[in-house]
Colleague: 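Quick one: this structure, given as structure tokens, is what I'll be asking you about.
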Amino acid sequence: MDAFYITTPIYYVNGEPHAGHAYTTIAADVLARYHRLKGKHVSFLTGVDEHGANVEKAAAREGLEPQIYCDKMAPIFQKLWKRLNISNDIFMRTTSQMHKRGVAKFINALYRTGDIYQDKYQGYYCRPCEQFFTDKELNPQKTCPIHKLPLEWVEEENYFFALSKYQKQLIEHINANPNFIYPTSRRNELLSVLKSGLEDTCISRASVSWGIPLPFDEKYISYVWIEALSNYMTAVGYETENAQYQTFWPADVHMMAKDITRFHALLWPAMLMAVNLPLPKHIVGHGWLTKNGEALSKTRGIFIDMDADIATYGVDAFRYYLLREFSFGNDGDYRPSRLHARYNADLANDLGNLLNRVLGLVNKHFGQIPEPTTPGKFDDDIKNLVQETVARLDVLIQEFAFDRALETIWEFVRGINRYIQKKEVWTLTRAETKLKMGNILYDCLEALRIIAVLISPFMPDTAHRMRTQLGLASSTEDDMDTLQSCQEWGQSPPGLTVSRGKPIFPRVDTKQANQKTAAKQNTETDTQNLITFADFKKLELRAATVIAAEPIEGTDKLLKLQVDIGTEKRQIVAGIAEHYTPKSVIGKQVILVANLEPATIRNVKSEGMLLAGRGEPVVLATLDAEVPPGSTIR
RNA sequence: CGCAGGGUAGAGCAGUCUGGUAGCUCGUCGGGCUCAUAACCCGGAGGACGUGGGUUCAAAUCCCACCCCUGCAACCA
């Protein structure tokens, strides 16, 4: 039997899973399920990356040992995958013994090739990022762009992998395998990176303790990427090279978001080339999600509320929307209003209603699956449409064009609605036309059976509910037909009782949707965002009179202010220059957070923060009437 | 010249690699049907494919230049 091995990245456990993780994993799940439908022997891997300084830090923040912290985080991911109906066969945890032993074997193998050497590594380093910065990436203050902390100049003896050696071989491989990297835009990008030259990669960290030691020099911890990438092999038994490993390596698809394609398409293949192992067949980097046009951002509170949308529309609708609405390689803009529109138009009106109307007719006039009779047993147009749909679907799935794959299935769905309309089935109730009606309804039932199969990778639960109503579900868990069965018309057994149940996708009106979301948000603010009075009392707010203001040179947004708070004068940097001229703020009485720790912005010291309405434009919070400078505000 | 992505009907998007009648969904207007979840079916209107140049018999698609938007990064204490 043909094997098919697909992976998602192992997700870093220093934070909770979000919609981006879900997007990648759902896409991988669709492919895994699709290939199972084709009768392949599938292995689907996802998991978590549990090593590295960030995990150590996150653990410390919660006062936990790293391992305890990981033990707490891993199930959170697993729970989400269960909720999203992810059919992974393996869940990798990089703290597992199997992985650790596999990594040791892999690194040893690399070491033996002679492509690993020791050298001094020096540069500006950010400890929290575990990353060195090149001269080009350095800002004038030499701070880390993410953590804003001063970078340290670090000189370390470290081990390197001779990545540069594989430049030519990688170019050749990518050229010889046009489908190695998807989409084409990423492929071109990586080719140009390759052509401009590769630098050897440091594969060890001396300053990190939470990780897997290099087997040949245990003073060092292996660099997370080296360890993480090898999970794709360790997960299927690389350590012992057992039958599972023989079956599934090399992987067919490594699925991921576009930001990490470089590691997968250059570093990983190069390492495999070094140890003389076969390369994965496809590296697929999909686009990022935005929400209503804005980038997702934890700090700005822009996130996709999966819980709310799933509560309103269901898991399958969520899966459907993600794959139907977005072109997989490009960035996609997640809009709840679009999910709503898709749900009603595609799922409720087109598909759900089709099932319901067909079952309604069957129920009323036959009560069971009618026997198709010769002559004119089956309608050729419908049969041909099925053939085309199945063939097209296969091509599109191969190209990771999920949006067009679903569009193709929906053309078929609409085709059946059209068929019913054209034949005016509901008029054929008289005795002499009843056979004809039976034939047509049989065709419709067949079409629905096939639709259930075709959508099952995307919406597994819906597929089952459809089959139940169609009378086809068996008692076994996994009763879905194969893709092959779609090619053969006439599989539905006549005589079976259909059970028209509730609509599978009841329409959701806008008001309902908004109410649900609002209710959800209310409970969240109620329970999660409350602070205690003691917290509030920590804030020291004071009335401050601006006595001087000037722009900070070389900046667009910053003003340097001197303010009077009675007992003393403070210097404040405020990001209001786009909305206030220096002149216009002088004399204003504003509200100052007086006990905020000082910060230096653009080399200017700031000893506090002004309160302002952060809209467009920014508006300073002032007092209704003048009070003595320094007055406490509560 | 910081890096990256994008500009195609009122909205959201395909199509661009591999030039050849501009496509999908929603919305909108008109009609039909009444089996069905106020669903379904048919038809119409609506487009200088950001701008300007070039290559070509032919450009949304290839080349050059420019404009605009959005992320990231800066300068949000």
Side-chain angles (χ1 to χ4, degrees), chain A residues 136-137 139-141 143 145-146 148 178 183-185 187-189 258-259 287-288 290 293-297 299-300 324-333 335 337-338 340-342 344-365 401 403-404 406-408 410-411 413-429 437 441 444 500 502-509 551-559 572-578 592-593 596-612 614 618:
Chain A
K136 225 180 142 184
E137 293 165 331
N139 58 39
Q141 290 90 44
T143 55
I146 295 161
K148 323 279 180 200
T184 320
S185 53
R187 175 174 176 267
N188 294 341
E189 182 189 325
K258 65 183 183 182
D259 50 331
W288 284 332
T290 56
E294 294 185 282
L296 303 182
S297 156
T299 50
R300 286 194 300 154
R324 173 62 187 87
E325 183 84 345
F326 310 131
S327 177
F328 197 57
N330 300 340
D331 290 0
D333 190 27
R335 292 176 187 239
S337 62
R338 295 288 306 162
H340 178 79
R342 283 275 176 209
N344 278 336
D346 298 357
L347 301 181
N349 294 354
D350 286 343
L351 179 61
N353 182 54
L354 173 64
L355 178 70
N356 204 39
R357 74 193 293 207
V358 168
L359 290 179
L361 286 164
V362 171
N363 241 2
K364 190 164 169 194
H365 301 290
D403 56 336
R404 279 180 292 156
L406 283 166
E407 195 182 337
T408 302
W410 252 255
E411 274 165 26
V413 170
R414 292 192 201 98
I416 304 306
N417 270 322
R418 202 175 303 135
Y419 178 63
I420 294 171
Q421 194 74 28
K422 228 188 253 166
K423 299 283 182 184
E424 302 188 341
V425 199
W426 57 91
T427 63
L428 306 174
T429 52
M437 186 186 209
L441 286 178
C444 291
R500 181 195 194 194
K502 281 193 204 135
I504 51 173
F505 293 111
R507 279 183 66 89
V508 174
D509 66 44
I552 296 175
E553 217 155 293
T555 74
D556 304 327
K557 292 187 184 167
L558 301 185
L559 289 185
I572 308 292
V573 175
I576 56 171
E578 288 177 321
L592 176 76
V593 182
L596 190 67
E597 63 180 4
T600 303
I601 298 145
R602 276 286 167 142
N603 284 327
V604 181
K605 202 164 188 200
S606 182
E607 305 161 308
M609 174 177 170
L610 301 187
L611 298 189
R614 318 204 64 139
V618 169

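Quick note: numbers below take in every heavy atom, side chains included, and nothing from hydrogens, waters or symmetry partners. Residue numbers start from 1 in every chain, and the chains themselves are labelled A, B, ... in the order their sequence lines are given, proteins ahead of strands. Being a predicted model, the structure only gives us computed values, none of them experimental.
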Colleague: Nearest whole angstrom, please: distance from the P of B:A39 to the CZ of A:R357.
Modeller: 13 Å
Colleague: Nearest to the A:S606 side chain among B:C33, B:U37, B:A77, which nucleotide is it?
Modeller: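 Comparing B:C33, B:U37, B:A77 against the side chain of A:S606, the answer is B:A77.
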Colleague: Between A:D259 (CG) and B:G5 (P), how many Å, whole number?
Modeller: 13 Å
Colleague: Is a side-chain donor or acceptor of A:D331 paired with a backbone partner of A:W288 at a separation under 3.5 angstrom?
Modeller: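 Between the backbone of A:W288 and the side chain of A:D331 there is a qualifying donor-acceptor contact (under 3.5 Å).
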Colleague: For A:E325 and B:A11, what is the distance between atoms CD and C1' respectively, to the nearest whole Å?
Modeller: 11 Å
Colleague: So, A:D346 side chain and A:L351 main chain: donor-acceptor pair closer than 3.5 Å or not?
Modeller: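 No: the side chain of A:D346 does not pair with the backbone of A:L351.
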Colleague: A:N349 side chain N/O closer than 4.0 Å to the phosphate oxygens (OP1, OP2) of B:C40?
Modeller: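 Affirmative; the distance criterion is met.
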Colleague: Could you state the CG-C1' distance from A:N344 to B:U37, rounded to the nearest angstrom?
Modeller: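 In whole Å, B:U37 C1' and A:N344 CG are 10 Å from each other.
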Colleague: Starting at atom CD of A:E424, determine the distance to atom C1' of B:A36, rounded to an integer number of angstrom.
Modeller: 15 Å
Colleague: CZ of A:R418 versus C1' of B:C40: gap in Å, rounded?
Modeller: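 Taking atom C1' of B:C40 as the reference, CZ of A:R418 is at 11 Å.
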Colleague: Polar atom pairs between nucleotides 25-27 of chain B and protein, under 3.5 Å, N or O only, would you list them?
Modeller:
none

Colleague: Mind calculating the distance between CG (A:D333) and P (B:U70) to the nearest angstrom?
Modeller: 13 Å
Colleague: Which nucleotide, B:A14, B:G5, B:C17, lies nearest any side-chain atom of A:D331?
Modeller: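 Given the options B:A14, B:G5, B:C17, the side chain of A:D331 is closest to B:G5.
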